Amino acid sequence: MPNMQPNKTPMPEQDPHVRNKNFKEVALGYTDEMAINEAQRCLQCKNPACVQGCPVNVPIKDFIHEIVEGNMDKAYEVIKSQNSLPAVCGRVCPQETQCESKCVRGIKNEPVAIGRLERYVADWYMNNREPAVTAPKHNGHKVAVLGSGPSGLTCAGDLAKLGYEVTVFEALHAAGGVLMYGIPEFRLPKKIVQEEIQQLEKMGVKIDTDMVMGKVLSVDELFEMGYEALYIGTGAGLPNFMNLPGEGLVGVYSANEFLTRINLMKAYLPEYDTPIIHPKNVAVVGGGNVAMDAARCAKRLGAENVYIIYRRSEEEMPARNEEIHHAKEEEIIFKLLNNPVAIHGDEQGKVKQIECVEMELGEPDASGRRRPIEKKGSNFLLDVDCVVIAIGNSPNPLIRSTTEGLEANKKGCIIVDDNTLQTTREGVYAGGDAVTGAATVILAMGAGKHAAKSIDEYIQSKADQ
Ligand SMILES: Cc1cc2nc3c(=O)[nH]c(=O)nc-3n(C[C@H](O)[C@H](O)[C@H](O)COP(=O)(O)OP(=O)(O)OC[C@H]3O[C@@H](n4cnc5c(N)ncnc54)[C@H](O)[C@@H]3O)c2cc1C
Ligand code: SF4
């Protein structure tokens with residue numbers, strides 16, 4: 001008999017007033033009893049709708065069944081067959097709009113907590129097993145992957161499994177992309193990201209860091225070096241600004257810079273060299289996950305007041321519900337239907353105030369969301385000493401501007417064939433945020449998988465000729 005309890009088994013969390021002063025993980029994970037209790041809520045549907053919601057098609061009911069049976073090694077194997085970064089996905093995937101949104105238990109009650117169970121299995125494996133990964137036999141073909149975010153790593157892992165000699169070229173000094181420099185430690189511990197990456201390395205994937213491709217080596221040079229195909233997974237790391245008066249003042253950051261200093265360079269720890277200001281009052285502009293992360297980091301640096309300034313209402317906020325909920329619990333102040341128009345500084349050129357206007361919502365725009373309209377004369381000032389701009393990112397133009405024949409659209413996203421993910425250059429494939437613009441970890445991974453399959457077909461068909 002399945003467990004018909006209507007709600008998900010709750011997951012223990014750090015107290016909001018304690019956690020908003022530290023960078024330790026907020027959600028603490030299920031115990032064995034909690035995991036089994038939750039796994040028993042799954043009805044083991046004959047035609048499981050949940051799988052259709054998973055961009056990499058994890059056999060969800062099968063791994064949940066193995067949890068109920070207490071076969072954790074098997075549960076892990078089932079997940080790993082489709083997902084190379086389960087500990088990451090269990091933590092950061094927007095399950096509410098993916099697998100869990102399709103779960104039949106969600107029609108009347110809360111869906112099965114698929115993400116929490118995936119995380120549980122991945123953590124159990126990391127804590128209890130020493131993975132004995134061996135490098136498969138090489139097939140004599142070389143592929144280069146540009147960028148070591150979830151998309152590039154997934155593509156590299158799948159190709160390595162097939163016997164390819166894969167080198168990942170990464171611009172930064174550490175692999176992982178947004179998982180390392182963007183998403184904070186309190187949502188995704190960096191140790192976990194590195195452990196998942198080490199497994200790929202054991203499979204024979206070579207990771208070459210400090211390699212800004214397009215500058216150190218061009219796409220053409222890589223082909224000359226004997227790589228037979230390339231995958232571009234360089235993400236969308238170029239921050240957008242608002243062109244507000246005062247955006248050049250000291251104390252204004254892009255969310256990228258703010259988060260990179262904190263997450264990658266560990267600026268919040270005194271023993272690290274990279275500095276960061278410890279502001280008292282912070283305005284974060286934007287309503288996505290990036291804005292929530294920046295606001296929650298600012299609180300943890302000791303800020304008294306952290307404002308999220310968002311021009312629409314909460315309903316239109318693109319951030320995950322869980323992130324909004326956690327931010328509110330941590331006393332982040334939401335200034336909804338507000339938009340900044342200028343940043344004012346003091347005599348030393350440092351941020352002193354942000355000037356905003358009130359907004360109201362009009363008719364839906366092209367994105368389907370109601371368009372914000374400025375209320376004339378509603379200007380007001382907020383005292384702040386730091387402003388973080390988190391209104392979105394675009395793909396970095398470096399590789400496409402140094403590669404002849406590689407086409408991009410108006411937004412700078414690389415153009416690919418939907419069926420193969422091949423770009424407009426033969427043998428060059430692309431996926432993840434570099435193609436879609438800022439999206440999600442699992443979609444980036446799905447593209448990496450898709451491209452690995454196409455690259456294999458391409459190289460094998462050439463070898464057969
Ligand atoms: C702060 C933040 C929070 C987020 N939260 C979530 C979340 O909770 N859930 C979720 O699903 N998604 C979230 N996202 C989105 C998600 O992280 C991205 O969609 C995903 O990381 C995209 O993967 P990618 O591999 O395409 O690119 P990236 O992760 O951006 O990786 C690209 C890599 O390529 C490298 N690179 C760039 N240019 C070059 C070059 N010229 N040469 C060599 N290397 C290069 C970069 O340094 C980087 O390491 C978040 C994003 C941010 C910024
Ligand atoms: S849809 Fe929900 S109940 Fe059905 S198999 Fe998937 S997780 Fe289990």
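We count ligands from 1, going down the list as the structure has it; atoms in each ligand are counted the same way. Bear in mind the structure is a predicted one, so any value in this text is a computation, not a measurement.
Nearest-residue assignment for atom 17 (O) of ligand 1 (options Val178, Asn396, Thr209, Val92; heavy-atom criterion): Val178. With atom 31 (O) of ligand 1 as the reference point, the heavy atom nearest to it among Gly392, Cys155, Gly149, Ala255 is part of Gly149. For atom 41 (N) of ligand 1, the nearest non-hydrogen atom from the set Gln98, Met213, Glu170 belongs to Met213. Looking at Asp293, Thr97, Asn263, it is Asp293 that brings a heavy atom closest to atom 3 (C) of ligand 1.
Listed by atom number, the atoms of ligand 2 under 4.0 Å from Lys61 heavy atoms are 5 (S). Residue-ligand proximity, Phe169 to ligand 1, at heavy-atom distances under 4.0 Å covers atoms 43 (C), 44 (N). Of all atoms in ligand 1, numbered sequentially from 1 with element shown, those under 4.0 Å from a heavy atom of Leu172 are 47 (O). Distances below 4.0 Å separate heavy atoms of Pro150 from the following atoms of ligand 1: 20 (C), 21 (O), 23 (O), 25 (O), 29 (O). Taking a cut-off of under 4.0 Å to the non-hydrogen atoms of Met211, the atoms of ligand 1 that pass are 42 (N), 43 (C). Atom numbering of ligand 1 starts at 1 in the shown order; those under 4.0 Å from a heavy atom of Leu259 are 1 (C). Listed by number with element, the atoms of ligand 1 under 4.0 Å from a non-hydrogen atom of Ser151 are 24 (P), 25 (O), 26 (O). Close approach to Gly235 involves these atoms of ligand 1, each under 4.0 Å from a residue heavy atom: 26 (O), 27 (O), 30 (O), 32 (C). Counting atoms of ligand 1 from 1 in the listed order, those under 4.0 Å from a heavy atom of Gly177 are 29 (O), 31 (O), 48 (C), 49 (O).
Protein heavy atom in closest approach to atom 26 (O) of ligand 1: Asp433 N, 2.9 Å. With hydrogens left out, the protein atom closest to atom 4 (Fe) of ligand 2 is Cys45 SG, 2.3 Å, a heavy atom. The shortest contact between atom 12 (N) of ligand 1 and any protein heavy atom is with Val441 N, 3.5 Å. Nearest non-hydrogen protein atom to atom 3 (S) of ligand 2 is Leu43 N, 3.3 Å. Nearest protein neighbour of atom 44 (N) of ligand 1, counting heavy atoms only, is Ala171 N, 3.1 Å. If you check which protein heavy atom lies closest to atom 2 (Fe) of ligand 2, you get Cys103 SG, 2.4 Å. Of the protein's heavy atoms, Thr234 O, 3.2 Å lies nearest to atom 37 (C) of ligand 1. The closest protein non-hydrogen atom to atom 2 (C) of ligand 1 is Val290 CG2, 3.6 Å. Scanning all protein heavy atoms for the shortest distance to atom 34 (O) of ligand 1 gives Gly147 CA, 3.2 Å.
Residue Gly237 places no heavy atom under 4.0 Å from ligand 1. For Ile183, the heavy-atom gap to ligand 1 drops under 4.0 angstrom. Using a 4.0 angstrom heavy-atom cutoff, Gly214 does not count as in contact with ligand 1. Residue Arg187 places a heavy atom under 4.0 Å from ligand 1. A heavy-atom separation below 4.0 Å is not found between Ala438 and ligand 1.
A salt bridge does not link Glu69 to Lys74: none of the charged nitrogens lies less than 4.0 Å from a carboxylate oxygen. Taking 4.0 Å as the cut-off between side-chain N and carboxylate O, Lys8 and Glu100 count as a salt-bridged pair. Using a 4.0 Å cut-off between charged side-chain N and carboxylate O, Glu330 and Arg296 make a salt bridge. With respect to Arg119 and Glu38, no salt bridge is recorded, no charged nitrogen being found less than 4.0 Å from a carboxylate O.
Residue contacts with ligand 1, taken as heavy atom pairs separated by less than 4.0 Å, involve Pro94 solely via side-chain atoms from C-beta onward. Only the side chain of Ile399 comes within 4.0 Å of ligand 1, judged by heavy-atom distances. Heavy atoms of Ala439 found under 4.0 angstrom from ligand 1 belong exclusively to the backbone. Using a 4.0 Å cut-off between heavy atoms, Leu443 makes no contact with ligand 1 at all.
Distances from atom 6 (Fe) of ligand 2 show that Cys50 has an N/O/S atom below 2.8 Å. Backbone or side-chain N, O or S atoms of Cys42 do not reach atom 2 (Fe) of ligand 2 at under 2.8 Å.
Summarising the geometry of Glu96 relative to Ser101, their closest heavy-atom pair is O-CB, 3.0 Å, with the distance given to 0.1 Å. Residue Asp456 comes nearest to Leu159 through the heavy atom pair N-CD2, 4.4 Å, listed as atom of the first residue, atom of the second, then distance. Between Cys413 and Val435, the shortest heavy-atom distance links the atoms CB-O, 3.1 Å. The heavy-atom pair separating Lys61 from Pro48 by the smallest distance is CD-CG, 4.1 Å. The two atoms that bring Ile192 and Ala87 nearest to each other are CG2-CB, 3.6 Å, heavy atoms only. Contact between Ala35 and Leu117 at its shortest, heavy atoms only, is O-CD2, 3.5 Å.
Side-chain contact of Glu426 with Tyr458: a donor-acceptor pair under 3.5 Å is present, judged by distance alone. Under 3.5 Å, the side chains of Thr424 and Glu407 contain no donor-acceptor pair of N or O atoms. There is no side-chain donor-acceptor pair under 3.5 Å between Ser454 and Glu457.
When the shell of 6.0 Å around CZ of Phe241 is examined, it contains more than 12 heavy atoms from other residues, nucleotides or ligands.
Formation of a donor-acceptor pair under 3.5 Å by the Arg105 side chain with backbone atoms of Cys42 is not found in this model. Remark: the backbone N or O of Glu25 is not paired with any side-chain donor or acceptor of Arg19 at under 3.5 angstrom.
Not a single N or O atom of Asn393, backbone or side chain, sits closer than 3.5 Å to an N or O atom of ligand 1.
Put simply, the side chain of Arg320 reaches to within 4.5 Å of the side chain of Gln95, judged on heavy atoms. Within the 4.5 Å cutoff, side-chain heavy atoms of Pro86 are placed close to those of Lys80. In this structure, Asp158 and Leu162 have side chains that are not in contact, with every pair of non-hydrogen atoms separated by 4.5 Å or more.
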